[in-house]
Amino acid sequence: MNVLLAVRMYVSKMIQESGPGMKVLIMDRETIGIVSVAYAQSEILQKEVYLFEQIDKCGHGPVMKHLKCVVFLRPSQENIQLLASELKSPRYGVYYIYFSGIISKAFIKVLAESDEQEVVREIQEFYADYFAIGPHLFSLNLENPIHGMEWIPSSLQRSVQGVVSVLLSLKKNPIIRYQNFSFLARRLAESIRDTILKESSLFHFQRGEGVPLLLILDRRCDPITPLLNQWTYQAMVHELLTIKNNRVSLIGVPGAPKDMSEVLLSAEQDEFYANNMYLNFGDIGQTIKCLMEEFQAKAKSHQKVESIADMKAFVENYPHFKKMSGTVTKHVTLVGELSRLVTQHNLLEVSEAEQELACQEEHSQSLTKIRRFLGTDQIRDLDAARLVFLYAIRYNKHPNKDVAGLIELLRRRGTPAKLIDSVDDMIRYANSGEIAGSSIFTMKDVTKITEKIFKGLKGVENVFTQHSPVLKEIMDNMVKGRLSEEAFPFVGNESISGRNQDVVIFMVGGVTHEESFAVHQFCRANAGIRIALGGTHIHNSQSFMSEVEAAVKYSPAVSAKYLHNPAPSGTGSHSKLT
């Protein structure tokens with residue numbers, strides 16, 4: 001159930017199958033991202049790939065018949081046309097073609113007719129049609145796939161293709177369940193089921209004793225988690241600096257090295273990050289300190305080059321030393337910037353108020369605290385608006401609510417109109433996800449407030465960490481066999497009793513790194529349970545706010561298109577498969 005390993009194996013296999021010799025790798029805009037998340041460019045270069053091209057920018061490049069061409073594309077009509085044009089006037093000696101999803105017979109015919117010089121050696125389907133962010137976390141990088149609380153047809157189709165690709169790459173033929181309140185989840189679940197039935201020859205995997213489960217959720221079941229400040233390293237970097245395809249931009253970061261405009265944050269490529277991505281902010285301060293001390297000790301030892309033996313040892317150890325130097329510089333820069341932002345924007349105080357709003361029943365106390373925050377310029381407009389969002393969601397039906405008063409305070413402090421308008425959007429979004437007879441705030445009694453005294457990092461004192469995402473409760477019920485069939489019905493006539501060991505959870509509307517951390521902890525605590533978590537997007541608070549704004553806006557054009565042109569659930573048959 002390792003989605004990152006599955007993608008890496010596909011990439012490695014497609015390069016190896018072309019045999020020894022110099023190669024060029026042609027991809028499209030999306031597969032470039034899929035490959036770069038799983039593999040560093042330096043790793044690809046070690047596999048004799050010396051040239052990278054984007055299919056829509058190939059143009060009329062030089063003819064290099066001595067190169068083998070490995071092609072990795074999504075099976076879209078645009079890509080088929082571009083590839084057909086390339087094959088009619090081939091610039092390379094031979095072509096090994098791989099598609100990230102199911103390709104139709106009609107598309108195969110187009111390519112066959114274009115291959116007049118018979119340069120194509122292979123056409124295969126390699127199901128790496130998703131962004132494998134980590135071993136158990138994947139994304140489709142779909143921004144704002146829902147308009148007017150309805151699927152944009154192309155986004156529904158992409159989601160079907162992406163989830164089907166995950167299932168095929170993990171070799172799972174699952175039972176499918178979905179969140180019953182959500183038409184969006186049901187539509188996706190049924191479309192995936194239709195594709196599995198249509199492509200039944202691909203889903204020939206034996207189920208064995210533990211039947212795999214695909215569980216489709218809707219972000220509206222928990223609009224709180226994406227709005228909270230985070231305090232684990234990975235989630236914090238994404239919230240404050242934004243991680244995109246495992247890369248973080250350092251442009252504009254004070255004190256960042258001039259040659260470090262962007263850094264890679266990948267557990268596969270960075271051992272320090274792999275070991276510390278789930279640590280809280282204070283513990284990261286301690287580990288950074290230890291890393292620096294280790295590096296300084298090695299730097300001093302390298303200064304003593306007094307003999308031939310010393311020179312030899314230095315040359316042998318230099319690559320590791322250089323790599324360690326880069327690691328130290330990267331993480332010291334990142335943690336330093338996080339610390340600066342936490343202090344500058346008073347995020348510890350803000351986070352404490354957020355946790356109280358999310359997890360406690362103290363309306364009067366929370367309202368007083370928010371009013372005090374809104375009356376000061378010590379916090380950002382973004383954080384002020386988020387506190388109002390949380391209050392509005394939490395207490396929208398409270399008899400003494402004062403959402404209007406808080407909105408007026410936002411106006412007085414000069415908060416941008418877009419953030420003020422988002423309060424109503426957030427209420428509509430949360431209300432559309434309410435389930436009769438239950439509350440999205442089911443986690444308030446799970447944990448007590450714990451105070452963490454952070455040491456070793458200046459400016460950090462404590463932070464409340466009581467919040468748990470709703471996903472944790474869903475996973476607990478799932479593993480105990482208590483997942484209500486009324487709330488989470490099965491697609492088709494299938495049902496299952498007993499324990500689910502292999503589970504793919506996909507959230508329409510996106511997931512968060514806090515939920516990824518919850519899955520990591522859950523699997524460690526429940527031996528034998530394997531979970532892959534994915535979503536249409538991986539959110540921080542700002543991307544989530546953008547998604548909510550798009551989701552609640554009714555668009556007659558989108559709705560009409562949806563009703564008259566539903567997204568296809570699958571296409572045709574295929575060539576030689578893995």
Side-chain angles (χ1 to χ4, degrees), residues 2-59 61-74 83 86 90-100 119 121-122 124 126 128-135 169 243-250 257 259-274 315-330:
N2 187 326
V3 290
L4 179 58
L5 180 61
V7 173
R8 285 178 62 83
M9 287 178 64
Y10 277 135
V11 174
S12 181
K13 190 174 181 182
M14 71 176 69
I15 294 173
Q16 288 174 358
E17 285 192 351
S18 61
M22 295 175 65
K23 306 171 187 71
V24 57
L25 180 57
I26 293 181
M27 296 174 283
D28 60 41
R29 287 186 297 272
E30 202 153 359
T31 55
I32 285 173
I34 290 169
V35 171
S36 67
V37 165
Y39 263 100
Q41 186 172 346
S42 57
E43 284 186 287
I44 299 285
L45 289 170
Q46 290 172 8
K47 297 179 180 294
E48 298 183 296
V49 178
Y50 298 105
L51 184 62
F52 301 87
E53 289 189 340
Q54 190 169 310
I55 186 71
D56 57 343
K57 295 180 180 178
C58 287
V63 175
M64 293 180 280
K65 296 291 186 180
H66 61 290
L67 291 181
K68 298 176 179 179
C69 183
V70 178
V71 181
F72 180 45
L73 304 173
R74 298 199 69 250
L83 181 56
E86 171 73 23
R91 293 174 296 136
Y92 304 107
V94 291
Y95 289 75
Y96 295 81
I97 300 171
Y98 303 91
F99 290 101
S100 65
V119 292
R121 294 292 180 267
E122 287 278 0
Q124 295 194 57
F126 276 10
D129 203 16
Y130 55 91
F131 296 79
I133 307 301
S169 66
I243 305 171
K244 186 172 183 179
N245 290 349
N246 285 348
R247 285 164 172 78
V248 180
S249 172
L250 295 181
D259 60 344
M260 197 177 276
S261 60
E262 184 181 81
V263 293
L264 177 68
L265 273 186
S266 166
E268 196 70 25
Q269 314 296 331
D270 185 334
E271 185 179 355
F272 178 86
Y273 182 62
V315 170
E316 289 174 350
N317 292 323
Y318 183 72
H320 174 72
F321 177 76
K322 188 176 181 182
K323 182 179 179 181
M324 188 177 183
S325 173
T327 299
V328 170
T329 304
K330 173 170 66 177

[Y] side chain reached by [X] side chain, heavy atoms, under 4.5 Å:
{"X": "M22", "Y": "M64", "answer": "no"}
{"X": "F52", "Y": "M27", "answer": "yes"}
{"X": "K47", "Y": "Y39", "answer": "yes"}
{"X": "V263", "Y": "Y273", "answer": "no"}
{"X": "E53", "Y": "E86", "answer": "no"}
{"X": "V49", "Y": "V70", "answer": "no"}
{"X": "N245", "Y": "F131", "answer": "yes"}

Q | Y10 and its ring-ring contact (aromatic ring centres under 6.0 Å, His included) partner, picked from Y130, Y98, F126 | A |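 Option passing the ring-ring contact (aromatic ring centres under 6.0 Å, His included) with Y10: F126.
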
Q | Nearest-0.5 Å distance that lies between atom OG in S18 and atom NZ in K68 | A |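 Going from OG on S18 over to NZ on K68, the span is 5.5 Å.
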
Q.
Among V7, I133, I32, exactly one meets side-chain contact (heavy atoms from CB on, under 4.5 Å) together with V37. Which residue is that?
A.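 For V37, the side-chain contact (heavy atoms from CB on, under 4.5 Å) test succeeds with only one of V7, I133, I32, which is I133.
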
Q: Check the surroundings of atom NZ in K244: do more than 12 heavy atoms from other residues, nucleotides or ligands lie under 6.0 Å from it?
A: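 Atom NZ in K244 is not crowded, with 12 or fewer foreign heavy atoms closer than 6.0 Å.
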
Q.
Assess the residue pair V35 and I44 against the criterion (side-chain contact (heavy atoms from CB on, under 4.5 Å)); give the C-alpha distance rounded to whole Å, side-chain angles, the decisive distance to 0.1 Å, and a yes or no.
A. CA-CA 9 Å; V35 171; I44 299 285; 4.2 Å; yes

Q) How would you list, by chain and number, every residue that makes a salt bridge (charged side-chain N to carboxylate O under 4.0 Å, His left out) with E262, sequence neighbours excluded? A)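 Testing E262 for salt bridge (charged side-chain N to carboxylate O under 4.0 Å, His left out), a comparison that skips the adjacent residues, returns R247.
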
Q. Does R121 have any salt bridge (charged side-chain N to carboxylate O under 4.0 Å, His left out) partners at least two apart in sequence or in another chain, and if so, which?
A.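 None.
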
Q. Stepwise, does the side-chain contact (heavy atoms from CB on, under 4.5 Å) test hold for F72 with S100?
A. CA-CA 7 Å; F72 180 45; S100 65; 3.8 Å; yes

